[in-house]
Amino acid sequence: MAAERDLIALYEAARRSHASLARHLDRPLAHHREHLAVLRRHYVPGRGARAHEGGALPAPRVVQAPGKASEALKELREAEARAAAARVAEVSRATPGLAQLLASIGACEAGHAAVLSRVKP
């Protein structure tokens, strides 16, 4: 969930700084908001590797978008690729139902990276 919140923050910062990219960023941003909502429905506080935290989630990162639209797109593409790779790693540690959800989210993130690679600022 923290990773999804960080991606949302990155997209929102890019939209604020580069309004010309909004039409390209709105759809993946909406997907990440949907991912977060679904993950929240499946979240069981105080379990797993972070049980010692009592179920608290870290605050979302404060993000500044790069000054150039091309740099913002590059940062988003790289963040999506990292997120997709992280979901693959998480699948191996998850229950079957959660693994399926994480795999779907990871596939979506990989797709976002591919689509963003075709956007011209």
Side-chain angles (χ1 to χ4, degrees):
M1 287 188 333
E4 288 299 323
R5 289 190 322 177
D6 288 345
L7 281 167
I8 290 167
L10 185 59
Y11 272 93
E12 289 173 343
R15 275 188 99 262
R16 279 191 306 274
S17 297
H18 307 288
S20 63
L21 296 178
R23 67 186 177 96
H24 301 290
L25 304 183
D26 286 346
R27 188 172 207 163
L29 175 57
H31 289 165
H32 287 297
R33 288 179 175 149
E34 291 171 15
H35 298 164
L36 182 58
V38 170
L39 289 168
R40 280 187 172 139
R41 287 196 300 269
H42 291 277
Y43 179 59
V44 179
R47 294 192 54 191
R50 298 180 64 168
H52 66 283
E53 296 175 9
L57 290 173
R61 293 183 312 140
V62 175
V63 179
Q64 292 285 86
K68 293 182 178 180
S70 61
E71 293 171 356
L73 285 169
K74 180 181 179 205
E75 188 173 337
L76 285 165
R77 279 193 309 271
E78 291 172 353
E80 290 282 13
R82 284 190 307 272
R87 298 304 80 78
V88 170
E90 291 167 351
V91 163
S92 67
R93 299 185 309 269
T95 62
L98 183 57
Q100 184 178 20
L101 173 60
L102 293 171
S104 295
I105 291 172
C108 192
E109 291 164 339
H112 293 159
V115 168
L116 290 171
S117 70
R118 296 189 301 266
V119 174
K120 303 297 180 216

Nearest 0.5 Å please: distance from the CZ atom of R15 over to the OG atom of S20. 11.0 Å
Can you give me the closest heavy-atom contact between E80 and P28, atom names plus distance? OE2-CB, 4.5 Å
From CG (L36) to CD1 (I8), nearest 0.5 Å: 4.5 Å
Once you measure the plane-to-plane angle for H31 and H112, does it fall in the parallel (<30°), tilted (30-60°) or perpendicular (>60°) bin? parallel
Where do H18 and P66 come nearest, in terms of heavy atoms and distance? NE2-O, 2.7 Å
Run the salt bridge (charged side-chain N to carboxylate O under 4.0 Å, His left out) test on R40 and E4 for me, step by step, so that the C-alpha distance in whole Å, both residues' side-chain angles and the decisive distance to 0.1 Å come before the verdict. CA-CA 11 Å; R40 280 187 172 139; E4 288 299 323; over 6 Å; no
With sequence neighbours left out, write down each residue that passes ring pair (Phe, Tyr, Trp, His ring centres under 6.0 Å) with H24, or none if nothing qualifies. none
So, for P121 and L21, which heavy atoms are closest and what is the spacing to 0.1 Å? CA-CD2, 4.2 Å
Distance, nearest 0.5 Å, that separates CG of L25 from CD of E12: 11.0 Å
Check this for me: does any side-chain nitrogen of one of R87 and E90 sit under 4.0 Å from a carboxylate oxygen of the other? yes
Measure the CG-CZ distance between L102 and R93 for me, rounded to the nearest 0.5 Å. 9.0 Å
How far apart are the closest heavy atoms of A99 and V91, and which atoms are they? O-CG2, 3.6 Å
Provide the closest heavy-atom pair for L116 versus Y11 in the form atom of the first, atom of the second, distance. CD1-OH, 3.3 Å
Same cluster or not: are M1 and L98 linked, directly or through other Ile, Leu, Val, Met, Phe, Trp or Tyr residues, by side-chain heavy atoms under 4.5 angstrom apart? yes
Looking only at heavy atoms, the pair that brings A81 and A113 closest together is N-CB, 4.1 Å
Nearest 0.5 Å, what's the CG-CZ distance between L7 and R82? 8.5 Å
Is there a path of hydrophobic side-chain contacts, each under 4.5 Å between heavy atoms of I/L/V/M/F/W/Y residues, joining I105 to V38? yes
Mind checking what makes side chain to side chain contact (heavy atoms under 4.5 Å, CB included) contact with A110, not counting sequence neighbours? A84
Exam field: side chain R33 to backbone L29, donor-acceptor pair closer than 3.5 Å: no
If you measure from CD on Q100 to OG1 on T95, what distance do you get to the nearest 0.5 Å? 10.5 Å
Which pairs with one or both residues in residues 64-96 pass ring pair (Phe, Tyr, Trp, His ring centres under 6.0 Å), sequence neighbours excluded? none
